[in-house]
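First the proteins, then the strands, lettered A, B, ... as listed; each starts at 1.
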Number of protein chains: 2
Amino acid sequence: MLLALTQAGHSNTRARRAVLTALLEADGQATPAELLELGRAHHAALGLVTVYRTLEILLSLKLVRKLHLEEGCHTYAISAAGWSAGETVDRSPQHDEHGHHVICQSCGRAVEFDGCHLDDIVAKAEAQTGFRVSSHWLEMFGACPECRATANVEDGSIEG
Amino acid sequence: MLLALTQAGHSNTRARRAVLTALLEADGQATPAELLELGRAHHAALGLVTVYRTLEILLSLKLVRKLHLEEGCHTYAISAAGWSAGETVDRSPQHDEHGHHVICQSCGRAVEFDGCHLDDIVAKAEAQTGFRVSSHWLEMFGACPECRATANVEDGSIEG
DNA sequence: TTACTTGCAAAAACTTTGCAGGCGC
DNA sequence: GCGCCTGCAAAGTTTTTGCAAGTAA
């Protein structure tokens, strides 16, 4: 992701590296405050303001995505584009294929999956409401493999 | 909705009636601040705090739903359960069938549609991630019939 | 009358802005 | 060295809490 950042014309600074590392260390998602704490392990003087500003840049580059959880929308996750920007070459800014997240309700881990085939559901919604749908937003909640193995999360019925 | 409220043991107060009316008058969605403004037309002394507290109750009864928009998650919409609680008899608290919203990006109108058939998409996500999915959350954005008719919203390609 | 509600004020939580100094390039 | 970045402090928003007075039942 650092590469994507610099290729977009942003400086490679210690603060930004700390935030990126924090994002990678966070288990798929983190709030700005959590990123600050994680990031300070790598750059003690890191400030919350810089976390916000770095996230803003990453959002604009679509390298991270804002998650909307029941409790609020204060967490961020690395997007598919962000992961694939590991060390490979550039991503056009118009990287617009999008995946969605599955979030573990036990440990908070968030994983993006691809294969966003909602065309027929979108079509049904359009037919039913008369709207013309141009984008959407999907998130799933459940239990990750580790938590299912470790713990007593027996109740995994598919609702809806 | 008033009935559902009182049947759940909450008082029928002027402030709550004002909030309910405001919700009905809002075009499908509104922020607490907007509900305050709308509500004050019916109860001049209405306070923002009461709007929040009433929404909290309505949320717990699943009569309203929190919408998560790109700009944030500060808006509320009447749910299908809320609409059907118009004047009919009670709804068991376990009314758990859920619809999702389509939100007009032009006028902000929000409409809930039913037919939430994501089973195969959920199955794919489970296969791909190893998660066990127990719930989800879907929202669509686009243009409502009125805005499409009225205005110049020609661009309605289905993205995703 | 009794207990639930209300709305003000204040606090808390979260996010953005201003600015002087610091650092990447 | 120049200009982007940073972090502190302060301001702006949004939401929650405390409490005395008010209202439903």
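- Residue B/Ala45 is classed as a sugar-phosphate contact, given heavy-atom separations below 4.0 Å to backbone atoms only.
- Listed nucleotides D/dC5, C/dT15, D/dG7 differ in distance to A/His74; the shortest reach to its side chain belongs to C/dT15.
- Relative to the side chain of A/Pro32, the nucleotides C/dT15, D/dC5, C/dG7 differ in distance, and C/dT15 lies closest.
- In this structure, A/Arg40 places its CZ atom 11 Å from C1' of D/dC8, rounding to the nearest Å.
- Along DNA chain D, the nucleotide nearest B/Glu56 and the nucleotide nearest B/Arg17 are compared for position; the residue whose nucleotide lies closer to the 5' end is B/Glu56.
- The side chain of B/Ala15 sits closest to C/dT6 out of C/dC8, D/dC5, C/dT6.
- Aromatic ring orientation, B/His68 versus A/His68: tilted (interplanar angle from 30° to 60°).
- The SG atoms of B/Cys73 and A/Cys73 are placed within less than 2.5 angstrom of each other.
- Where A/Lys66 and A/Thr13 meet DNA chain C, the nucleotide closest to each residue was compared, and A/Lys66 sits on the side nearer the 5' end.
- No hydrogens or angles were tested; on distance alone, nothing pairs the side chain of B/Arg14 with the base of D/dG22 as donor and acceptor under 3.5 Å.
- Of the charged side-chain nitrogens involved, at least one lies within less than 4.0 Å of a carboxylate oxygen, so that A/Glu112 and A/Arg65 count as a salt-bridged pair.
- For the OP1/OP2 pair of C/dG24 and a distance below 4.0 Å, the side-chain nitrogens and oxygens of A/His10 include no atom meeting the criterion.
- The distance from atom CZ of A/Arg53 to atom P of D/dC4 is 14 Å, rounded to the nearest whole Å.
- The ring of B/His101 has its center no closer than 6.0 angstrom to the ring center of A/His136.
- Spacing between atom OH of A/Tyr52 and atom P of D/dA10 amounts to 19 Å, rounded to whole angstrom units.
- Regarding A/Leu5, its CG atom lies at a distance of 15 Å from the C1' atom of C/dC25, rounded to whole Å.
- D/dT15 atom C1' lies 15 Å from atom CG of B/Leu35, rounded to whole Å.
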For nucleotides 11-13 of chain D, tabulate all protein N/O to nucleotide N/O atom pairs closer than 3.5 Å, reporting atom names and distance.
none

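- The backbone N or O of B/Phe141 lies less than 3.5 Å from a partner atom in the side chain of A/Ser134, making a donor-acceptor pair.
- Following rounding to the nearest Å, A/Leu36 (CG) and D/dG7 (P) show an atom-to-atom distance of 9 Å.
- Between the side chain of A/Glu37 and the backbone N or O of A/Glu34, no donor-acceptor pair lies under 3.5 Å.
- A donor-acceptor contact shorter than 3.5 Å links the side chain of B/Thr129 to the backbone of B/Phe131.
- As a whole-Å value, the separation of B/Leu46 CG from D/dT23 C1' is 15 Å.
- Nucleotide D/dA9 holds its P atom 14 Å from the CG atom of A/Leu48, rounded to whole Å.
- Nearest to the side-chain atoms of B/His43 among the listed nucleotides C/dG7, D/dT6, C/dT15 stands C/dG7.
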